[in-house]
Every structure is written in C-alpha cells, then in structure tokens.
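Structure first, commentary second.
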Amino acid sequence: MKSRFAPSPTGYLHIGGARTALFAWLWARKEQGKFILRIEDTDRERSNQASVDAILDGMKWLGLDYDEGPYYQTDRFDRYKIVVQQLLEEDKAYYCECSQERLQTLRDKLMAKGEKAKYDGHCQHKNLTAGVVRFRNPAEGNVVFSDLVKGEISVHNKELDDLIIARSDGTPTYNLTVVVDDHDMEIDCVIRGDDHINNTPRQINLYEALGWDLPAFAHLPMILGGDGARLSKRHGAVSVMAYRDAGFLPEALLNYLVRLGWSHGDQEVFSIDEMIRLFDLKDVNKAPGSFNQDKLLWLNQEYIKTADMTHLIEQLDWHLNSQAIDVSGGPDITKVVDVLRERSKTLVEMAQSMKMFYQDFDRFDEKAASNQFKPSAEPIIKALIDHYSQLEDWSSTEIHDIVKTVCDEQGVGFGKVGQPFRLALSGTGNAGSIDVVAELVGKERTLARLKLALDYIAQIDN
RNA sequence: GUCGCCUUCGUCUAUCGGUUAGGACCCCAGGUUUUCAUCCUGGUAAGAGGAGUUCGAUUCUCCUAGGCGAUGCCA
C-alpha cells in the first residue's frame, strides 16, 4: 500500500501541510506500506528551490520520513507529454485557442445569468493544432465516489467543464500531472486537503478516459485560525519551522496535529507508535478545526516534562546556540534540565532560565528587587553570606539547613529568607527550590550574587 | 451568482436512537508548595434554527441559515 504527500514548493511547510503529511504518513506506516514525497512544481513561476528545502527541512524536523522521492514533476514532463498526446490522438482532448479575454467575458456573462462559470466548448470541434489542450469532460451523468473521510460525494458532469491539461507553452497542469503521477507511482490512497474535493470528479474522469484504476480518496478537513478563517500569517506562526524556533518539541506538534481532526476516545497524549497503531481514516472528522495555541503549549509542556533526557538535550541544543549559552564549565546540564523541565512551557523558556546557571548578571529584575531587597533584608543576606562562605560541603541539604539556621537566628519565617535569596540567585525571582538551585549555581557564584544583593540594598539606602 | 463540503461547551473532541450529553485545553475557586511552576480537588460552559421519521432524537431524512472550499493557461 502506498500513500503520498505532494506539496507545491511555493513557500515553507505550513501547519496544514504538515497535518496532511502526518495523516498520509500515519496511514502508510499503519498499513506497513510506503510513503512517497512528491514535489508538485509544474508552476515554474511560483515554485522555487528555497521552498523545496524548507519543506524538506520541516519534514525532517517532524520526523516524517519517506520511502520514495522526493520526486519532482518537472523531471517528468516527457511522461506527461506522452499522456497528453495519447488523449489528443484518441480525441479525448483537443486544442483550444480562446483568448483570456474571451474566457473572462464568458465567465462574467454566465455569472451574471446566475449560472456556473465554465468553459462553453467553443473550440471543441475546430480540430486546432495549437493552443492549450483541454480534456473532453463527459457531458452527461454524474461522478460518484466514496470518500474515506466524507462519505459518498456526487457531482454532475454538467458542473464540470473541459479543463486545461496543458498550457499553451506545452507544460502540463495540476489535474493532469496528479492523475498521471498517482497512477504511475501506484498510490492506493490519495490523502489530501478537502480543498481538492472539487478537483476529484475531474480527476476521476481523467482516470477513466485513460483506462486506469481509481485510487481511494480521503479528503481531510482544513485547519482554520481561531477566528474561523483559513489559517494564515495573521494567526501567528504558520510555518512548521517557526514552531521549532519558538521552542516546541516535534513530538508535541505532531501530537497536537494528530488530535486536530482525529481522535481515539478520550485519549489526548499519543506517542508516535501509538498514533501509528491507533490511527484510522474512519475516525477522522469531517468538520474543519481551528488551531489553538494554548493546547499546543500544554502538550509541549507535557512532553518537556516526560521527554527522554538525551532527546530533550538534543532538541535544546539549537536554542542554547541561538541564545548564545555555553554550558561547558557550568553545572551538569542534565541536573539543570531536571530542575527546569517542570516549569518550562517551551524550550526557549527553558534556555532562558538556564542562563542563571551558566552566565553572570549584574542587575536584578527591578520590580522584584524593589520588593525584596529592602533594608530589613540586609542582616538576613549578611548572615547567609557569613554561613555560606564557611560551608565546605556545598550540597543542597547543607544549603537548606543553613537557610533554616538563619531563620532561627533572625527570628523570621522561611519566606523572609527564601524570597530574597531566590531573587539574589536568579536575578528574576523565578527559580525552583532554592537549595537545589544554589547547589547547581555553585558556591562562588552564589556568594557573589548575595554580595550583589547587598550592594543593591546599600545603594537604595543612600 | 452557481456547485461541493461542513455544523456538540470559547477551542479540540466522545456519543455508533434511550446518557444527569463525557473528556481535554483555556478560565475561575480551593488545597499542596519558602516564590514560580508542577501536582490534587471542585466549578463555569454545548447539540445553529425549523420541520418530519420514531414510543423516543445530538444521533436518521428534508428545508433554512451560517461557515469553508471551488468556480485560474495555481496547486
């Protein structure tokens, strides 16, 4: 069994494309068949190599590997020419030289009359030898097919016109190439967005004219933005790689995408293996769904919390580089990640939080500092410095005991000591349990930061 | 305009004629926590509208409305 993903390289791999690719990939993996990547670049005006690379990068990051391809339609022009020629010879297609202007006025006229805008067959019997090539669509009857997602779909041939299968420059168009390729590549199930539903009856007529067996069709509902409109840039990031940049784990995005339009009871979290095992086109929803960033964020945190440490660090590496954080010479990264994984929604956040362990800072968050570093905190911080500078065994338990000792000595509660200490350590006030954090930050840096806090208090005193 | 597809909490969804319409995200309240977060408990919130079929419709049929898509020498 074979399925395919066939994007046209006119931009990056976007969320909708990724979801389509995922479903087609899942189907192939579930059927233990093959998954093919085909680049539909027949529109040379809009296609470019940068887009091909972006799509390949996106697929790679998501882990959607393919067994064949990428095939490029521009490499197969000879094959399409043969098919067009065959159709021409069998009188199943004909040349048409209607001008764009004529076509446009024809459309306007029909629309004004309240009819469907379609080609009127002007050149059908002219026996021309140049121009665009049009397929002779059957005039009567209707095309009925059973979509694996949508169920039975029926369209009258009257609604269909003689579509152009080759441009006047001889290059083939989408509806022809897709049929030829899906046939030649032995695709058993065409899984694509439901914006192609309207093309399917035309393609079916082409299959029949060519005497080819029909594949199964599964049309996936679109993904809309939160406002119900088609997903676009104004809804935020639509490029898959932008999600990598924003600190999402590929498996979290995949999990989010698979649940958008598909479900398995009440289950929300699926490993890749579970998706493959449980996925079924019959459980795919018919209605379009809208993209919800909050849920993605939640899933991302779920994955950050439970991800395999090695994998997590691999994914984190890109962000460490982009934020210029050098972890060599600092505390063990696995210990730092362990502290941070429960409080990071994204890898970007995690990398930011990591700075306090690997980089020095010379100022505190102003708002937090004005709250915490009051003159009353001065003796507490001094006491911490005194005790810690004498501490030999720099461990979280010892560090914790000293905080308690200081509480007792100063006659204050844990909060009075812990809060300024935490701010001194982190600079922002956001940190995990202070003893563990202090241990990881190290004795030298901890003392330096406490002294910095003292400087801050001295400065506001004056 | 015409044709096609779609319609359960704000969002993602469960339900395969009989349920107090369930779960998840978000939000709110409470608890745990030295902060934040995690975690735990609870709460708010839905069948587009109208006809039928049926003992009984969210579920089946039809109509209307709304949304999306197509109507390209784009894919």
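Bear in mind the structure is a predicted one, so any value in this text is a computation, not a measurement.
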Base, backbone or nothing for each nucleotide of nucleotides 34-45 of chain B, written B, S, -, heavy atoms under 4.0 angstrom, 5' to 3'? BBBBSS------
P gap between rC28(B) and rU2(B), integer Å: 47 Å
Evaluate side chain to side chain contact (heavy atoms under 4.5 Å, CB included) for Leu160(A) paired with Asn157(A), printing each intermediate quantity in order. CA-CA 5 Å; Leu160(A) 274 23; Asn157(A) 271 320; 3.6 Å; yes
Looking at rA29(B), which nucleotide sits across from it as a Watson-Crick or G-U wobble partner, both distances under 3.5 angstrom, or is there none? rU41(B)
Phosphate contact (rA75(B) OP1 or OP2) by Thr10(A) side-chain N/O below 4.0 Å: no
Length of the CG-C1' vector between Asn285(A) and rU11(B), whole Å: 13 Å
Nearest of rG22(B), rC6(B), rA75(B) to any side-chain atom of Thr173(A)? rA75(B)
Between the protein and nucleotides 69-72 of chain B, are there any N/O to N/O pairs under 3.5 Å, and if so, what are the atom names and distances?
{"residue": "rG69(B)", "atom": "N2", "partner": "Asn198(A)", "partner atom": "OD1", "Å": "3.1"}
{"residue": "rA70(B)", "atom": "O4'", "partner": "Asn198(A)", "partner atom": "ND2", "Å": "3.1"}
{"residue": "rU71(B)", "atom": "O2'", "partner": "Ala117(A)", "partner atom": "O", "Å": "2.6"}
{"residue": "rG72(B)", "atom": "OP2", "partner": "Arg107(A)", "partner atom": "NE", "Å": "2.5"}
{"residue": "rG72(B)", "atom": "OP2", "partner": "Arg107(A)", "partner atom": "NH2", "Å": "3.4"}

Once you apply the 3.5 Å cut-off to both distances, tell me the Watson-Crick or G-U wobble partner of rC3(B), or none. rG69(B)
Would you call Arg46(A)-Asp43(A) a salt bridge at under 4.0 Å N-O? yes
What nucleotide among rC25(B), rU7(B), rG23(B) has an atom nearest to a side-chain atom of Asn292(A)? rC25(B)
Spacing of Tyr256(A) atom OH relative to rC12(B) atom C1', expressed in whole Å: 6 Å
Shortest non-hydrogen contact between Ala18(A) and Leu64(A), atoms and distance: O-CD1, 4.3 Å
Rounding to the closest angstrom, what is the interatomic distance between rG47(B) and rU58(B) at atom P? 10 Å
Less than 4.0 Å between a side-chain N and a carboxylate O, is that true for Arg102(A) and Asp120(A)? yes
d(NZ, Lys295(A); P, rC12(B)) in whole Å: 10 Å
Using a heavy-atom cut-off of under 4.0 Å over every strand shown, decide if Glu40(A) touches base, sugar-phosphate, or nothing. sugar-phosphate
For the C1' atoms, the ones on rU8(B) and on rU13(B), what distance do you get once it is rounded to whole angstrom? 9 Å
To the nearest Å, how far apart are Lys158(A) NZ and rG4(B) P? 12 Å
Would the distance check show the side chain of Arg44(A) and the main-chain N or O of Thr171(A) forming a donor-acceptor pair, the cut-off being under 3.5 Å? no
Would you mind telling me which residue lines up with the more 5' stretch of RNA chain B, Asp294(A) or His156(A), judged by nearest nucleotide? His156(A)
For rA45(B) versus rU11(B), give the span between their C1' atoms, rounded off to a whole number of Å. 12 Å
Any side-chain N or O of Arg102(A) below 4.0 angstrom from OP1/OP2 of rC73(B)? no
Position toward the 5' end of RNA chain B (nearest nucleotide), Val155(A) or Asp283(A): Val155(A)
When the C1' atoms of rC27(B) and rC9(B) are compared, how many Å lie between them, rounded to an integer? 13 Å
Spacing of Phe270(A) atom CZ relative to rC25(B) atom P, expressed in whole Å: 14 Å
Side-chain heavy atoms of Leu299(A) within contact of Glu251(A), under 4.5 Å: no
Students often get this wrong, so: under 4.0 angstrom with heavy atoms, is Glu159(A) touching a base, only sugar-phosphate, or nothing? sugar-phosphate
From the candidates rU7(B), rU11(B), rU13(B), the one with an atom nearest any side-chain atom of Ala287(A) is rU7(B)
Using the C1' atom as the reference point in each nucleotide, state the distance between rU53(B) and rC62(B) in Å, no decimals. 11 Å
Is a side-chain donor or acceptor of Asn300(A) paired with a backbone partner of Lys345(A) at a separation under 3.5 angstrom? yes
Side-chain donor-acceptor contact under 3.5 Å, Asn137(A) with Asp162(A): no
With Arg19(A) as the cation and Phe23(A) as the aromatic partner, state whether NZ or CZ is under 6.0 Å from the six-membered ring centre and within 45° of the axis. yes
Is Glu159(A) salt-bridged to Lys118(A), going by a charged N under 4.0 Å from an acidic O? no
Specify the closest pair of heavy atoms between Ser154(A) and Val144(A), including all atoms of both residues, with the distance to one decimal. OG-CG2, 3.8 Å
Neighbours of RNA chain B within residues 137-148 of chain A, by heavy-atom distance under 4.0 Å: none
Quick one: are the ring centres of Tyr303(A) and His311(A) less than 6.0 Å apart? no
Measure the distance from CG on Leu297(A) to C1' on rC25(B) and round it to the nearest whole Å. 10 Å
Determine whether the aromatic ring centres of Phe77(A) and Tyr72(A) lie less than 6.0 Å apart. no
Atom CG of Leu220(A) to atom P of rC6(B): distance rounded to whole Å? 14 Å
Pick base, sugar-phosphate or nothing for Ser263(A), based on heavy-atom distances below 4.0 Å to the nucleic acid. sugar-phosphate
Expressed in whole Å, how much space separates the C1' atoms belonging to rA65(B) and rC74(B)? 32 Å
Can you tell me how far C1' in rC12(B) sits from the matching atom in rU61(B), rounded to whole Å? 29 Å
Write down the distance between CG (Leu176(A)) and C1' (rC73(B)), rounded to a whole number of angstrom. 13 Å
Is the NZ or CZ atom of Arg38(A) positioned over Phe5(A)'s six-membered ring, under 6.0 angstrom from the centre and within 45° of the axis? no
Could you tell me which nucleotide pairs with rA51(B) by Watson-Crick or G-U wobble geometry, both distances under 3.5 Å, or answer none if nothing does? rU61(B)
